[in-house]
**Q** 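The structure's right below; bear with me while I get my questions together.
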Amino acid sequence: MSGKEAAIFIVDQGASMGRKSNGRSESDLDFAMRYVWDSLATIMITGRTTLTVGIVGFRTDETNNALEGEEGYNNISIMQPL
């Protein structure tokens with residue numbers, strides 16, 4: 001076994017993520033991105049060289065994935081490949 005790990009963050013970037021839920025002063029997208037950035041910082045600080053990170057965006061303005069052009073895979077972008 002190689003001992004490698006992968007963490008993939010999936011981020012909804014649709015218009016509905018602009019709402020402010022649960023009494024927060026920031027949008028749902030900003031709240032989610034703060035979690036992603038905090039997690040990435042923690043990964044970097046710990047220096048875990050066997051952990052790779054990927055980021056996938058859903059409901060994005062563009063399409064950027066291996067299945068681009070296939071029905072049902074529009075508006076999905078690989079923002080950071082593993």
**Q** Is a side-chain N or O of T50 found less than 3.5 angstrom from the main chain of K4, in a donor-acceptor match?
**A** no

**Q** Who passes side-chain contact (heavy atoms from CB on, under 4.5 Å) against M44, sequence neighbours left out?
**A** none

**Q** How long is the gap from OH on Y35 to CG on L40, to the nearest 0.5 Å?
**A** 10.0 Å

**Q** By side-chain contact (heavy atoms from CB on, under 4.5 Å), which residues pair with D30, not counting sequence neighbours?
**A** E26, S27

**Q** Strictly by salt bridge (charged side-chain N to carboxylate O under 4.0 Å, His left out), give each pair with a member in residues 56-81 just once, sequence neighbours left out.
**A** D12-R59

**Q** Holding to side-chain contact (heavy atoms from CB on, under 4.5 Å), I want the full list of residues that pass it with A6, two or more places apart in sequence or in another chain.
**A** T52, L82

**Q** Is any side-chain heavy atom of F31 closer than 4.5 Å to one of N22?
**A** no

**Q** Provide the closest heavy-atom pair for I8 versus V56 in the form atom of the first, atom of the second, distance.
**A** CG2-CG2, 4.1 Å

**Q** For L51, check side-chain contact (heavy atoms from CB on, under 4.5 Å) against everything at least two apart and list the hits.
**A** E5, A7, I43, R48

**Q** To the nearest 0.5 Å, what is the distance between CD1 (I55) and CD1 (I10)?
**A** 11.0 Å

**Q** Is M79 linked to F58 within one hydrophobic cluster, defined over Ile, Leu, Val, Met, Phe, Trp and Tyr using a side-chain heavy-atom separation of less than 4.5 Å?
**A** no

**Q** Report the residues that fulfil side chain to side chain donor-acceptor pair (under 3.5 Å) with D28, sequence neighbours left out, ordered by chain and then residue number.
**A** S21, R24

**Q** How many angstroms lie between atom CG of N75 and atom OG1 of T63, to the nearest 0.5 angstrom?
**A** 4.5 Å

**Q** Contact between F9 and V53 at the side-chain level, heavy atoms closer than 4.5 Å - yes or no?
**A** yes

